[in-house]
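From a predicted model like this one, the values you see are computed outputs, not experimental measurements.
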Amino acid sequence: LRKVDVGRVQTPKECYYFLNIVGAGLPVDAMETAEKFKFLGNPAYTLATLWHAMKLRSYPLRMEIDGMAVCQESMFVEVSNTRYTGTNFLIAPEASPDDGLLDITLLAKLSRRRLLRLFPTIYKGRHVRYPEISTFQAKEIRITAPENLMLAPDGEIRGCTPATITCLHRDLKIFAPG
């Protein structure tokens with residue numbers, strides 16, 4: 001048995017939990033599109049992500065990360081308890097599911113050319129080396145704007161902002177390989 005952290009999302013209308021990741025912005029857009037192309041298998045999410053990334057849609061995110069104000073025009077925010085998201089994106093290379101912290105990844109608005117150069121680096125986690133990516137670790141994240149931005153916990157679309165995301169340190173026992 002191993003104790004792992006659990007993420008809790010509190011919105012004005014509901015409270016729910018996640019073990020892997022909760023995203024907003026591009027991840028939600030990609031999930032909605034990938035659902036239509038499931039017949040392609042694993043590449044569906046990658047293709048949907050690239051398609052929506054090329055649209056360059058951004059969101060005026062306003063957040064508090066352990067009380068520190070962060071405001072920026074972003075294509076997405078991902079709050080991770082583990083390292084991977086989607087089919088095989090190494091979104092949070094430093095994440096650990098039992099450290100008492102959630103890893104936050106923000107992608108700032110950027111050009112198509114820059115996006116095409118940056119996109120392949122997410123498979124090996126090298127995207128975090130680029131200035132358009134901001135990373136943080138925190139126990140609590142409050143996303144206050146924009147309002148009604150859809151959230152995607154663990155591959156499901158559920159809830160919307162404003163939301164408070166909290167790490168419940170080693171709150172769940174799971175079976176894990178030795």
Side-chain angles (χ1 to χ4, degrees), residues 4-36 45 48-87 89 91-92 94-95 97 99-110 115 118-119 122 127-128 130-169 171-172:
V4 296
D5 300 340
V6 175
R8 179 180 65 210
V9 179
Q10 180 70 55
T11 71
K13 295 182 180 179
E14 63 184 324
C15 179
Y16 55 85
Y17 302 86
F18 66 94
L19 292 176
N20 185 34
I21 199 162
V22 62
L26 177 62
V28 175
D29 298 338
M31 285 174 57
E32 290 176 330
T33 299
E35 191 66 32
K36 298 171 188 169
Y45 186 76
T49 301
L50 187 56
W51 168 256
H52 281 284
M54 294 305 293
K55 290 182 177 183
L56 299 177
R57 183 173 182 193
S58 62
Y59 304 87
L61 289 177
R62 189 170 61 232
M63 304 183 298
E64 286 181 29
I65 299 174
D66 278 346
M68 177 184 67
V70 174
C71 300
Q72 80 174 47
E73 193 71 21
S74 298
M75 294 180 70
F76 71 73
V77 59
E78 290 269 22
V79 178
S80 307
N81 190 33
T82 60
R83 299 172 65 208
Y84 287 90
T85 187
T87 52
F89 297 148
I91 190 74
E94 301 300 317
D99 64 357
L101 298 169
L102 297 169
D103 289 56
I104 302 102
T105 307
L106 288 168
L107 173 62
K109 190 174 180 178
L110 68 169
L115 178 69
L118 188 64
F119 188 80
I122 198 168
H127 62 290
V128 298
Y130 289 83
E132 295 88 352
I133 298 285
S134 300
T135 60
F136 306 89
Q137 288 186 314
K139 293 179 181 179
E140 183 176 275
I141 302 97
R142 295 179 45 136
I143 304 172
T144 55
E147 284 193 24
N148 299 316
L149 183 63
M150 297 300 297
L151 301 171
D154 288 346
E156 302 293 328
I157 298 173
R158 181 170 181 184
C160 61
T161 58
T164 300
I165 305 165
T166 308
C167 182
L168 305 176
H169 187 48
D171 197 53
L172 180 67

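- Here the side chains of Leu151 and Tyr16 are in contact, with some heavy-atom distance below 4.5 Å.
- For the pair Ala163 and Thr11, the tightest heavy-atom approach, listed with the atom from each and the gap, is CB-CG2, 4.0 Å.
- His127 places a side-chain N or O within 3.5 Å of a backbone atom of Ile91 that can act as its donor or acceptor partner.
- Listed for the Thr161 side chain is no donor-acceptor partner under 3.5 Å among the backbone atoms of Ile143.
- Using a distance-only test at 3.5 Å, with no hydrogens or angles considered, no donor-acceptor pair links the side chain of Asn81 to the main chain of Leu102.
- Of all non-hydrogen atoms in Met68 and Phe136, the two that sit nearest each other are CE-CE2, 3.5 Å.
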Stepwise, does the side chain to side chain contact (heavy atoms under 4.5 Å, CB included) test hold for Thr105 with Asp103?
CA-CA 7 Å; Thr105 307; Asp103 289 56; 5.5 Å; no
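- Without hydrogens or angle criteria, Asp154 side chain to Ile21 main chain gives a donor-acceptor distance under 3.5 Å.
- The nearest pair of heavy atoms linking Pro146 to Pro60 is CD-O, 3.5 Å.
- The shortest non-hydrogen separation linking Ile65 to Ala138 is CG2-CB, 3.5 Å.
- In this structure a side-chain-to-backbone donor-acceptor pair under 3.5 Å is present from Asp5 to Asp99.
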Step by step, work out the side chain to side chain contact (heavy atoms under 4.5 Å, CB included) result for Leu106 and Val70.
CA-CA 10 Å; Leu106 288 168; Val70 174; 3.9 Å; yes
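- Crowding of Glu14 atom CD: a count of heavy atoms from other residues, nucleotides or ligands under 6.0 Å exceeding 12.
- The two residues Asp66 and Gln137 come nearest to each other via the heavy atoms OD2-O, 4.2 Å.
- Minimum interatomic distance between Ala152 and Met31 (heavy atoms only, all atoms of both residues): CB-SD, 3.4 Å.
- Within 6.0 Å of CD on Glu140 lie more than 12 heavy atoms contributed by other residues, nucleotides or ligands.
- Between the Thr164 side chain and the Gln10 main chain, no donor and acceptor come within less than 3.5 Å of each other.
- Pairs of residues two or more places apart, or lying in two chains, that qualify as side-chain hydrogen bond (donor to acceptor under 3.5 Å, both in side chains) and include a residue from residues 67-77 are Ser58-Glu73, Gln72-Ser74.
- Remark: Arg62 CZ is loosely packed, at most 12 non-hydrogen atoms of other residues, nucleotides or ligands lying under 6.0 Å away.
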